[in-house]
Colleague: 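Before I ask anything, let me first share the structure, which is written out below as structure tokens.
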Protein chains: 2
Amino acid sequence: MNYIAPVKYSATQEIILDTAEHLFATQGIHATTLRAITSTAKVNLAAVNYHFGSKKQLIQAVLLRRMTPLNNERHRQLNAIIQTARDENRRTTVAEILHAFIEPTLHFSQKNMAHKDFMSIVSTLMMNPHNEFRSLFVSIMKPLIDQLFAALKAALPTIPSTTLQMRLQFTLGTLTFAMREIDIPISAQQQQPASDIETLIDETVSFVSAGMEPL
Amino acid sequence: MNYIAPVKYSATQEIILDTAEHLFATQGIHATTLRAITSTAKVNLAAVNYHFGSKKQLIQAVLLRRMTPLNNERHRQLNAIIQTARDENRRTTVAEILHAFIEPTLHFSQKNMAHKDFMSIVSTLMMNPHNEFRSLFVSIMKPLIDQLFAALKAALPTIPSTTLQMRLQFTLGTLTFAMREIDIPISAQQQQPASDIETLIDETVSFVSAGMEPL
DNA sequence: AAACAATTTAAACGCTTGTTTGAAGTATGT
DNA sequence: ACATACTTCAAACAAGCGTTTAAATTGTTT
């Protein structure tokens with residue numbers, strides 16, 4: 001359930017997708033030209049239009065290629081902890097729920113440079129309410145966010161929905177910052193401590209878990 | 001101290017700045033053309049180059065015009081609570097410090113549509129590590145962030161700097177989401193509760209205050 | 001009222017953009 | 001080996017971009 005099979009691409013298509021992904025992340029989607037993509041990928045200028053139809057469709061392909069497996073994994077983990085709690089005849093905890101969403105996200109973003117680039121694109125998109133491709137992104141995320149909210153509501157039945165929705169938005173904001181090195185530089189900061197993934201995951205989960213239940 | 005005087009603009013310049021601000025926020029900086037700005041503002045196409053020199057300099061002017069008074073106010077509030085605590089011979093609390101930063105930010109962003117647009121641009125910029133204008137933005141923010149970090153470090157002396165830096169980044173992420181209606185839509189959500197500013201400020205401060213000291 | 005400076009205007013500039021074209025090349029199946 | 005489909009290629013296309021120009025207009029000073 002909720003599983004979506006990935007799409008297969010030819011070698012040329014994958015080179016284009018990889019190159020576009022990297023340039024979108026580092027230069028921005030709008031600022032990246034087809035000439036920049038094709039010359040970097042060492043393919044002909046017309047290759048993008050031939051293989052993907054248009055620049056717009058290329059962007060969508062870049063997004064869907066990685067979004068699908070990531071969301072599959074997030075769904076898998078959420079279902080897993082819900083099932084485990086049911087088996088053990090108890091409620092899921094807030095930290096469990098948030099971990100099931102945050103762990104795949106941060107693990108995914110730290111897997112390699114390509115994944116880091118991809119998450120960079122995604123977070124930029126999340127921050128751009130009026131972006132042309134945001135509706136695509138939102139439609140992909142919606143079922144997952146709904147499931148996440150329902151799980152949190154069940155774990156924290158006394159908190160009003162309005163408040164809980166707000167805190168979930170804050171959580172997404174925290175996660176967006178966590179999954180990149182956006183770092184407004186801090187003077188005291190010595191050249192990026194570069195903590196490992198597990199520490200980052202733990203810190204993020206405990207930060208938002210505490211925020212979910214203040215006082 | 002830390003106060004920077006605002007720049008004066010002519011009527012034509014202000015119309016251009018207002019229009020550019022709105023279009024930058026709703027369409028993105030790169031996607032907004034000078035022709036779109038000047039035709040919407042009902043001024044001649046050449047007016048931007050005449051009054052600001054170039055599109056690049058116009059963007060900088062849009063940023064600086066509002067950033068300066070906002071940061072003046074943030075500095076004022078931070079200095080105020082530090083002075084008050086000193087007068088009362090006690091440490092500043094974490095919630096006080098975060099409130100002094102968050103309150104002016106959210107109040108500013110909710111003042112009117114123009115301010116909302118501006119904060120939309122700023123948050124997009126914060127999320128774009130490789131954006132051309134990020135360095136300008138960071139240089140403006142740096143003294144403030146440093147002061148904020150120093151205050152937090154003094155209030156939470158037992159927390160390692162590395163951890164504290166991470167939590168400050170999370171806080172900025174939360175605030176970035178709070179100051180806009182970015183809202184990944186949640187199904188249970190009934191057409192935006194639209195809570196008032198004071199509630200939003202309180203919720204944000206308590207969320208990040210809790211996150212600063214988990215357990 | 002005349003002279004000067006500041007601003008606005010319409011038109012054009014060179015350049016880059018995404019896309020399309022038709023020929024050349026390559027792979028596949030019989 | 002040939003016919004057929006697929007892919008690559010260089011070249012060109014119209015459209016849109018930021019910027020510049022020089023004349024017309026407006027505002028200010030003397």
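Proteins get letters first, then strands, A, B, ... in listed order; numbering begins at 1 in each.
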Colleague: Could you check B:Gly53 against A:Ala46 and say which one's nearest nucleotide on DNA chain D is further toward the 5' end?
Modeller: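 Residue closer to the 5' terminus by nearest nucleotide: A:Ala46.
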Colleague: Do A:Arg35 and C:dG18 share a donor-acceptor pair, side chain to base, under 3.5 Å?
Modeller: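 Counting by modelled atom types and ignoring angles, a donor-acceptor contact under 3.5 Å is found here.
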Colleague: Once you round it to whole Å, what is the distance between C1' of D:dA24 and OH of B:Tyr50?
Modeller: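 These atoms are roughly 14 Å apart.
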Colleague: State, without any angle test, whether A:Glu103 and A:His99 hold a side-chain donor-acceptor pair at a distance under 3.5 Å.
Modeller: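 The answer is no; no qualifying pair exists.
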Colleague: Can a donor-acceptor pair be found between the side chains of A:His115 and A:Asn112 at a distance below 3.5 Å?
Modeller: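 There is such a pair (donor and acceptor under 3.5 Å, judged by atom type) between the side chains of A:His115 and A:Asn112.
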Colleague: Check this for me: does any side-chain nitrogen of one of A:Lys153 and A:Asp146 sit under 4.0 Å from a carboxylate oxygen of the other?
Modeller: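 Between A:Asp146 and A:Lys153 there is no salt bridge, as every charged N stays at least 4.0 Å from the carboxylate O atoms.
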Colleague: Roughly how many Å is it from CD1 in A:Ile37 to C1' in C:dT19, rounded to a whole number?
Modeller: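 Value for this atom pair: 14 Å.
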Colleague: Nearest to the A:Asn44 side chain among D:dT7, D:dA10, D:dC17, which nucleotide is it?
Modeller: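 Looking only at heavy atoms from C-beta outward on A:Asn44, the closest nucleotide is D:dA10.
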Colleague: Closer than 4.0 Å, any side-chain N/O of B:Thr12 to the OP1 or OP2 of C:dT8?
Modeller: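 Affirmative; the distance criterion is met.
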Colleague: Nearest whole Å is fine: how far is D:dA10 P from A:Leu45 CG?
Modeller: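 Distance, rounded to whole Å: 11 Å.
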Colleague: Less than 4.5 Å apart, side chain to side chain, heavy atoms only: is that true for B:Arg66 and B:Val122?
Modeller: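 Not in contact.
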Colleague: Base, sugar-phosphate or nothing for A:Ser10? Non-hydrogen atoms, less than 4.0 Å.
Modeller: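 Result for A:Ser10 = nothing.
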Colleague: Whole-Å distance between C:dT7 P and B:Tyr9 OH?
Modeller: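 From B:Tyr9 OH to C:dT7 P: 15 Å.
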Colleague: Of the listed nucleotides (D:dT19, D:dG18, D:dA10), which one gets closest to any side-chain atom of B:Asn49?
Modeller: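 Closest nucleotide to the B:Asn49 side chain: D:dT19.
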Colleague: Measure from NE2 on A:His51 to P on C:dG18 and round the result to the nearest Å.
Modeller: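 Distance check: A:His51 NE2 to C:dG18 P gives 18 Å.
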Colleague: B:Leu34 CG to C:dT8 P: how many Å, rounded?
Modeller: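 Atom-to-atom, B:Leu34 to C:dT8, this comes out as 16 Å.
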Colleague: Side chains of B:Gln169 and B:Gln165: any donor to acceptor distance under 3.5 Å?
Modeller: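 No, no side-chain donor-acceptor pair sits under 3.5 Å.
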Colleague: Distance check needed: D:dG18 P versus B:Ile16 CD1, whole Å only.
Modeller: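 In whole Å, D:dG18 P lies 14 Å from B:Ile16 CD1.
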Colleague: Could you tell me the separation between the NZ atom of A:Lys55 and the C1' atom of C:dT16, rounded to a whole number of Å?
Modeller: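 Atom NZ in A:Lys55 sits about 12 Å away from atom C1' in C:dT16.
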